[in-house]
Amino acid sequence: EKNGFDHFMLKEIYEQPKAITDTYRGRMLVEQGLIKMAGVDDNLEKFLNAKRIVIVACGTSWHAGLVAEYIFEDLARIPVEVEYASEFRYRNPVIDKDDVLIAISQSGETADTMAAIKLAKQKGAFVFGVCNVVGSSISRETHAGAYTHAGPEIGVASTKAFTTQITVLSLIALKLAKAKGTINNTDFHYYLQELEIIPDKITKALESNEHIKAVAEKYKESANFLYLGRGFNFPVALEGALKLKEISYIHAEGYPAAEMKHGPIALIDEQMPVVVIATKKGHYDKVVSNIQEIKSRKGKIIGIVTEGDENVRELADYVIEIPDSTEAFTPLLTTIPLQLLSYHIAVMLGKNVDQPRNLAKSVTVE
Ligand code: F6R
């Protein structure tokens, strides 16, 4: 059932082009310029009248929420807050009927996320679920929702759930942006076309697998890793670090690149690999200066770059290329090499990739 792959995690990484296609199939009608999602259509007024959207989740799903914050605010101009469900539930949150709460959960069973939903419902908020497991507790407790349709995720480290969560949330953001008129028809069409070809671009990104193995071989003995990204790719840096921690047990931290100089730069020496997401978008020039700062302190640089990039290639020890895309969707691509890097390091270190120590696939106790 691993379909020829050594581990479920690797199989699930490779399933992402199909999983994302399954997520948008039947919902995104590119020719007609339409996004159909029953859970959103039936509650459109609630979304459009929302003063803000509060997203609650844990772990990787929380990282998907952070990516969604950038996408919702950029496209639909709705204020978004993203909270750890475990913090939200215990801090007497300010939330009421004018808020929409989106709960994200692969398993649909996470205890803290469930408790956050119940609290938000008590306070009158409209609660929308983004789950993968059909019929799960969270999908039943929410007022409405949208499944990710990623198929079963067996590996404890979440991979295809993350990218399909971002896909669902992007569809919702685009739908609201169109309804609110915060993007024009031309741009709306452009985004649909860009999202439609993401699966092919992921297939392309997966072709770097052998090269990524060489990078893994080079740095697998490191005691620490830093991951840096900005804008839409800041949450991807957090997710890259989490993936490495979970399955290889190497200490890793993710940071917004510009925060480096406020502390973490003190950690940089010749022993420190720094994975920098430096796609040719947004804050590219600023990220390149961060790379120069790391280099002058002898840190090792692994750049995740847009194909054809020359600047970062000159500075970095290794670069891993991903296809170009519109900035909002780059997280769906930059995530891929980070998943593969963690996977190969963990395998090389002889760790139990699919069932890392101390972790469970669904966290049903707080
Ligand atoms: C990371 C991971 C966990 C989960 C978290 C939330 O690889 O698996 O961090 O993302 O426990 O789980 P769900 O999404 O099922 O609520």
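For ligands, and for the atoms within them, numbers begin at 1 and follow the listed sequence. Quantities reported herein were computed from a predicted structural model and do not represent experimental measurements.
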If the plane angle is over 60° it's perpendicular, under 30° parallel, otherwise tilted; pick one for Y318 and H211.
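Ring orientation of Y318 relative to H211: tilted.
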Which segment of T110 sits under 4.0 Å of ligand 1 when only heavy atoms are counted
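It is the side chain that touches ligand 1; the backbone stays farther off.
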Test item: side-chain donor near acceptor, [X] and [Y], under 3.5 Å:
X    : Y    : value
T159 : Q339 : no
D324 : T306 : no
Q165 : T148 : no

Take S86 and E366 through the side-chain hydrogen bond (donor to acceptor under 3.5 Å, both in side chains) test and state the conclusion after the steps.
CA-CA 8 Å; S86 56; E366 64 170 295; over 6 Å; no
Tell me the protein heavy atom at minimum distance from [atom], and give that distance in Å.
atom                    : answer
atom 11 (O) of ligand 1 : V363 CG2, 4.0 Å
atom 10 (O) of ligand 1 : T60 N, 3.1 Å
atom 6 (C) of ligand 1  : C58 O, 3.3 Å

Using distance alone, decide if ligand 1 has a nitrogen or oxygen within less than 3.5 Å of any nitrogen or oxygen in T113.
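N/O-N/O distance below 3.5 Å does not exist for this pair.
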Sub-3.5 Å N/O-N/O distance, V156 and ligand 1
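Yes, at least one N or O pair falls under 3.5 Å.
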So, using ring pair (Phe, Tyr, Trp, His ring centres under 6.0 Å) as the criterion, who are the partners of F329 when residues are at least two apart?
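F329 satisfies ring pair (Phe, Tyr, Trp, His ring centres under 6.0 Å) with Y191 once adjacent residues are dropped.
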Heavy-atom contact check, 4.0 Å cutoff: does A157 meet ligand 1?
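A heavy atom of A157 does come that close to ligand 1.
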Applying a strict 4.0 Å limit to heavy atoms, is E109 in contact with ligand 1?
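Judged by the 4.0 Å heavy-atom criterion, E109 does not count as contacting ligand 1.
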Please list, chain by chain and in numerical order, all residues satisfying salt bridge (Lys or Arg N to Asp or Glu O under 4.0 Å) with K18, sequence neighbours excluded.
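K18: salt bridge (Lys or Arg N to Asp or Glu O under 4.0 Å) contacts with D22.
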Taking 4.0 angstrom as the limit and counting only heavy atoms of S105, give me the atoms of ligand 1 inside it, by number and element.
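Under 4.0 Å from S105, ligand 1 has these atoms: 13 (P), 14 (O), 15 (O), 16 (O).
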